[in-house]
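All values below come from the heavy atoms of this structure, side chains included, with hydrogens, waters and symmetry mates left out. Quick caveat, the model's predicted, so the values are computed rather than measured.
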Amino acid sequence: MTFQLVLALLFLTIASGSLCYGFWQLQRSRALVRRLNSHYIAINSAVQKRRMDIYEVRNRAKLLEDTVSGGARAVEKMHRVISDTTFSLVDRFSKDDEFRQSAHKARKTHDQASKQVYHAVRTTNKAIHILADTLFITKAEKRAVMRKGAHTEMPEKD
């Protein structure tokens with residue numbers, strides 16, 4: 001009977017030791033999974049931040065382009081109103097037909113020149129936006145893609 005008791009105690013000791021070792025392995029595995037998940041969250045967070053930075057640069061560039069374009073349109077409309085008013089007043093109050101014809105030619109020349117100038121402003125604005133997109137934004141996207149490969153490595157074990 002003592003042999004059976006010793007054998008039972010031995011089995012209980014082995015079982016409890018195995019249970020403690022299994023519990024320890026479970027805790028260690030959980031800690032490793034937490035580290036792994038935090039690493040992947042950090043990688044995804046860094047990638048997402050770079051994406052958001054690129055979107056912000058794109059949005060700011062588009063906002064700047066739209067602002068310049070809208071400002072040029074507003075200035076063009078105001079300029080047209082002022083010139084129309086001025087030329088209409090000259091036409092209405094001038095008593096000399098030769099002066100009136102000269103003012104009419106000046107108005108046509110003025111309108112044509114101002115249309116060309118404002119068209120050039122809008123075209124230049126678009127060209128600058130395309131150039132900035134090509135030079136800065138595309139390079140930033142390439143850098144983000146190049147850095148993405150560097151952040152996908154697993155961290156060293158402490």
Side-chain angles (χ1 to χ4, degrees), residues 1-88 107-158:
M1 178 140 182
T2 58
F3 177 71
Q4 289 177 344
L5 185 63
V6 170
L7 192 59
L9 284 175
L10 180 66
F11 285 142
L12 282 174
T13 305
I14 291 172
S16 65
S18 297
L19 192 60
C20 287
Y21 180 74
F23 183 73
W24 177 75
Q25 284 286 36
L26 175 67
Q27 294 296 346
R28 188 169 171 239
S29 296
R30 283 183 179 172
L32 289 173
V33 167
R34 279 195 301 273
R35 277 184 51 202
L36 183 63
N37 284 338
S38 68
H39 175 71
Y40 283 126
I41 288 170
I43 288 173
N44 288 337
S45 176
V47 169
Q48 188 65 23
K49 182 183 181 323
R50 282 192 301 275
R51 284 183 188 149
M52 294 306 291
D53 289 345
I54 289 170
Y55 288 142
E56 183 178 351
V57 169
R58 280 189 182 274
N59 289 338
R60 285 183 180 191
K62 183 65 177 157
L63 179 63
L64 182 61
E65 179 188 11
D66 291 346
T67 302
V68 170
S69 180
R73 259 193 312 275
V75 169
E76 181 181 15
K77 286 179 182 178
M78 284 299 285
H79 183 203
R80 194 176 313 135
V81 166
I82 291 169
S83 68
D84 287 348
T85 303
T86 303
F87 285 117
S88 295
R107 182 178 192 167
K108 282 185 180 181
T109 305
H110 173 268
D111 289 347
Q112 184 180 10
S114 65
K115 281 181 185 179
Q116 289 174 347
V117 166
Y118 290 112
H119 178 72
V121 168
R122 284 190 291 275
T123 304
T124 303
N125 183 37
K126 284 186 187 259
I128 288 173
H129 178 73
I130 291 169
L131 181 66
D133 184 50
T134 303
L135 291 177
F136 302 115
I137 297 172
T138 306
K139 284 184 181 179
E141 287 173 346
K142 286 180 183 176
R143 280 194 305 264
V145 168
M146 297 294 273
R147 281 189 279 170
K148 182 179 178 185
H151 289 291
T152 56
E153 298 173 7
M154 291 295 297
E156 294 293 321
K157 188 176 178 181
D158 293 332

Who are the side chain to side chain contact (heavy atoms under 4.5 Å, CB included) partners of Thr85, not counting sequence neighbours? Val81, Leu89

Sorted by first residue and then second, give each ring-ring contact (aromatic ring centres under 6.0 Å, His included) pair with at least one member in residues 47-81; sequence neighbours left out. His79-His110, His79-Tyr118

Residues that Asp84 engages under side-chain hydrogen bond (donor to acceptor under 3.5 Å, both in side chains), provided they are two or more places apart: Arg107

Which residues satisfy the side-chain hydrogen bond (donor to acceptor under 3.5 Å, both in side chains) test with Glu56, sequence neighbours excluded? Arg60

Identify, with sequence neighbours excluded, every residue that meets side chain to side chain contact (heavy atoms under 4.5 Å, CB included) alongside Ile82. Thr86

Which residues satisfy the side-chain hydrogen bond (donor to acceptor under 3.5 Å, both in side chains) test with Lys77, sequence neighbours excluded? none

Here the salt bridge (charged side-chain N to carboxylate O under 4.0 Å, His left out) pairs for residues 119-130, sequence neighbours left out, are Glu76-Arg122

Gln112: which residues meet the side chain to side chain contact (heavy atoms under 4.5 Å, CB included) condition with it, sequence neighbours left out? Gln116

With rounding to the nearest 0.5 Å, note down the distance linking CZ in Arg30 to CG in Asn37. 13.0 Å

Contacts of Lys49 meeting salt bridge (Lys or Arg N to Asp or Glu O under 4.0 Å) (sequence neighbours excluded), chain-then-number -> Asp53

Salt bridge (charged side-chain N to carboxylate O under 4.0 Å, His left out) pairs, two or more places apart, involving residues 5-20: none

Measuring from atom CG of Leu7 to atom CG of Leu12, what distance do you get when rounded to the nearest 0.5 angstrom? 10.0 Å

Flag yes if more than 12 heavy atoms outside Gln27 fall under 6.0 Å of its CD atom; otherwise flag no. yes

Tell me which donor-acceptor pairs under 3.5 Å the side chains of residues 63-73 have, and how far apart each pair is, sequence neighbours excluded?
unit_1 : atom_1 : unit_2 : atom_2 : d
Glu65  : OE1    : His129 : NE2    : 3.4
Asp66  : OD1    : Lys62  : NZ     : 3.4
Thr67  : OG1    : Leu63  : O      : 2.7
Ser69  : OG     : Arg73  : NH1    : 3.1

With sequence neighbours excluded, give me every ring-ring contact (aromatic ring centres under 6.0 Å, His included) pair touching residues 16-37. Tyr21-Trp24

